Amino acid sequence: MIDNFTIKFYSQELSEKYLKSTGNYTQSSWVWKGENDKEKETKYPLRKKVNNIELRVTEQNSVLGNSIHKYFNINMYGEEKGNHNHNDFSYCGILEALEQLKQDFKGLNLNEGYLQSLEFGFNLLVDKEPKYYLNHNFLLFEHKAPAINKATNAMNYRKFEHNNIAWKVYDKKTQYGLENNLLRVEIVLGSRELKRLGIQTLNDLKNRENILLLFSRFMEFFKGFTIVDNRFNRKDLSPEFVSDLGNRLEPSYWKNKRGKSNLVRDKMKLKEMIKQSNLNTTEIYFTELIRDKFNELFYDCDVVRQVA
DNA sequence: CTTGGACTCAATGGCCCTTA
DNA sequence: TAAGGGCCATTGAGTCCAAG
């Protein structure tokens with residue numbers, strides 16, 4: 001559910017004091033300061049890693065972050081077996097990981113800073129080869145082409161950017177050489193968006209309401225995708241319709257419309273065309289998969305927790 | 001019923017700074 | 001030197017209304 005995060009601390013000084021007092025940090029090469037290269041200065045950045053979570057202190061800033069999902073897995077299954085995020089990460093897992101993190105960085109107040117970014121997403125077990133959906137269904141987000149679109153044997157990955165958020169949709173099957181058709185869909189929320197949601201610290205993630213809030217924003221943003229079934233598989237559709245639809249699925253069509261009047265109606269028209277011709281089954285399929293997965297990770301884990 | 005203009009406010013992109 | 005925030009001025013999305 002929760003994955004990568006970055007916290008920027010308000011005080012670089014406190015972070016540096018913490019490092020110096022607890023040790024076990026690394027320092028990079030030497031830096032020379034001054035005109036005549038005489039004085040050696042303390043080398044930044046200073047780094048301290050616990051599993052995969054790293055605290056990095058530079059001359060002016062200090063940040064802590066990485067995948068809390070992997071961190072949980074490493075704690076649970078060890079360095080070798082746990083160094084991945086292709087299993088499920090439940091709400092209860094999040095709570096445990098946050099508690100462990102607090103222990104591992106005892107002496108550093110993790111809440112004296114704010115979240116610069118936070119990833120929220122799901123690993124979905126899908127019917128077809130994961131890359132099929134990337135190539136044929138996840139076409140546009142907010143009517144824009146993906147900013148990154150990798151399609152190789154080793155990696156199939158699309159990243160869509162918009163405002164202060166981004167979507168990452170990738171094929172975990174090829175990435176990790178898995179047996180299962182695993183597709184990961186995750187949203188990256190930037191600081192502006194997190195501020196809007198009132199989610200500023202790791203502490204805020206312990207709150208059930210906030211997890212529900214994150215999920216509802218996830219689903220809201222998900223609607224911004226243009227996910228359409230493969231129109232070429234539909235012999236019942238007229239070639240004219242398929243061409244017209246294809247035109248509207250092309251990013252430059254929308255670039256051309258920028259700033260024009262009644263853009264909203266045009267966007268509605270595309271949505272209608274997809275819906276009316278029943279080309280929205282993939283979108284519905286994913287919406288339901290995501291809902292089910294969230295319910296499982298959020299609510300079922302609570303039942304387990306109460307029983308345990 | 002469709003198209004275009006005006007208005008308002010949030011999104012966008014550019015600039016600047018930090019970091020690697 | 002390039003990439004990634006943060007901040008801020010400008011642009012454009014969205015809504016309403018009027019005209020064709």
Side-chain angles (χ1 to χ4, degrees), chain A residues 3-16 19 25-34 40-49 52-67 110 112-120 140-150 155 157-168 186-202 216-218 220-226 244 247-248 250-273 276:
Chain A
D3 198 31
N4 278 7
F5 71 91
T6 313
I7 301 171
K8 183 169 179 176
F9 292 105
Y10 298 128
S11 167
Q12 182 271 359
E13 279 173 59
L14 284 179
S15 301
E16 184 161 348
L19 276 189
Y25 62 91
T26 63
Q27 220 164 348
S28 42
S29 50
W30 290 98
V31 133
W32 301 89
K33 247 194 172 177
K40 277 180 186 172
E41 285 284 322
T42 317
K43 266 329 44 309
Y44 291 100
L46 311 175
R47 299 162 187 273
K48 177 173 187 162
K49 253 181 141 176
N52 63 323
I53 304 284
E54 185 178 75
L55 172 65
R56 203 176 66 245
V57 179
T58 58
E59 200 160 355
Q60 320 220 4
N61 293 307
S62 61
V63 294
L64 177 85
N66 228 322
S67 166
L110 302 182
E112 281 179 6
Y114 65 98
L115 284 166
Q116 266 184 318
S117 73
L118 180 71
E119 296 185 358
F120 186 93
L140 305 172
F141 180 66
E142 293 296 331
H143 304 89
K144 287 185 282 195
I148 296 173
N149 183 19
K150 286 201 186 301
M155 181 61 120
Y157 164 57
R158 282 190 169 188
K159 182 177 188 184
F160 298 86
E161 295 176 353
H162 179 71
N163 284 7
N164 200 229
I165 67 146
W167 282 100
K168 290 155 74 174
E186 73 187 343
I187 192 167
V188 186
L189 301 165
S191 60
R192 215 185 284 169
E193 191 57 36
L194 290 163
K195 197 169 281 178
R196 229 171 286 180
L197 292 173
I199 295 172
Q200 297 277 67
T201 65
L202 287 181
S216 85
R217 287 307 281 149
F218 181 101
E220 269 308 304
F221 279 125
F222 193 79
K223 289 179 188 161
F225 272 118
T226 299
D244 186 19
N247 192 26
R248 293 162 192 273
E250 208 282 311
S252 75
Y253 177 91
W254 299 102
K255 277 229 162 114
N256 193 44
K257 295 253 173 191
R258 266 170 143 212
K260 297 268 174 67
S261 209
N262 299 324
L263 185 58
V264 187
R265 278 168 223 176
D266 240 314
K267 290 178 178 174
M268 284 306 293
K269 166 134 192 190
L270 172 58
K271 266 218 178 322
E272 279 305 303
M273 286 173 77
Q276 303 273 315

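Everything numeric in this text was worked out from a predicted model, so none of it was measured. In the text below, chain A, chain B and the rest are named by the order of the sequence lines, each starting its count at 1.
A:H143 places its NE2 atom 11 Å from the P atom of C:dA13, with the value rounded to the nearest Å. Between A:K269 atom NZ and B:dT3 atom P the separation is 10 Å, expressed in whole Å. Atom CD1 of A:I165 is separated from atom P of C:dG4 by 17 Å (rounded to the nearest Å). Summarising the geometry, the separation between NZ on A:K255 and P on B:dG13 is reported as 9 Å, rounded to the nearest angstrom. Atom CE in A:M268 sits about 18 Å away from atom C1' in B:dT3, given to the nearest Å. Taking atom CD of residue A:E161 and atom C1' of nucleotide B:dA11, one finds them 15 Å apart after rounding to whole Å. In this structure, A:H162 places its NE2 atom 8 Å from P of B:dA11, rounding to the nearest Å. Distance NZ (A:K257) to P (C:dA13): 12 Å, rounded to an integer number of Å.
Shortest non-hydrogen contact noted between A:I53 and A:S67 is CD1-O, 3.8 Å. Heavy atoms only, all atoms of each residue included: A:V63 and A:K8 are closest at CG1-CA, 4.0 Å. Shortest non-hydrogen contact noted between A:G113 and A:T201 is O-CG2, 3.6 Å.
Checked against side chain to side chain donor-acceptor pair (under 3.5 Å), A:S191 has no partners two or more places apart in sequence or in another chain. In this structure A:K260 satisfies the side chain to side chain donor-acceptor pair (under 3.5 Å) test with no other residue, sequence neighbours excluded. For A:Q12, the side chain to side chain contact (heavy atoms under 4.5 Å, CB included) criterion is met by A:E16, A:Y44, A:V57, not counting sequence neighbours.
Summarising the local packing, CD of A:E54 is surrounded by more than 12 heavy atoms from other residues, nucleotides or ligands at distances under 6.0 Å. Other residues, nucleotides and ligands contribute more than 12 heavy atoms inside 6.0 Å of the CE atom of A:M155.
Listed by residue number, the members of residues 191-199 of chain A with any heavy atom below 4.0 angstrom from DNA chain B are A:R192, A:R196.
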(message) Across nucleotides 14-20 of chain C, 5' to 3', mark each nucleotide with B, S or - according to how protein heavy atoms within less than 4.0 Å reach it.
(response) S--B---
Nucleotide N/O of nucleotides 16-20 of chain B paired with protein N/O under 3.5 Å:
residue, atom, partner, partner atom, Å
B:dT18, O3', A:N61, ND2, 3.3
B:dT19, OP1, A:T58, OG1, 2.5
B:dT19, OP1, A:N61, N, 3.4
B:dT19, OP1, A:N61, ND2, 2.9
B:dA20, OP1, A:R56, NE, 2.5

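Ring geometry for A:F218 versus A:W167: interplanar angle over 60°, hence perpendicular rather than tilted (30 to 60°).
How far CZ of A:R56 is from CG of A:L64: 10.0 Å, rounded to the nearest 0.5 Å.
In this model, the phosphate group of C:dG6 is approached by a side-chain N or O of A:Y114 to a distance below 4.0 Å at OP1 or OP2. For C:dG4, the OP1/OP2 oxygens have no side-chain nitrogen or oxygen of A:Q116 closer than 4.0 Å.
Taking 4.0 Å as the cut-off between side-chain N and carboxylate O, A:E272 and A:K269 do not count as a salt-bridged pair.
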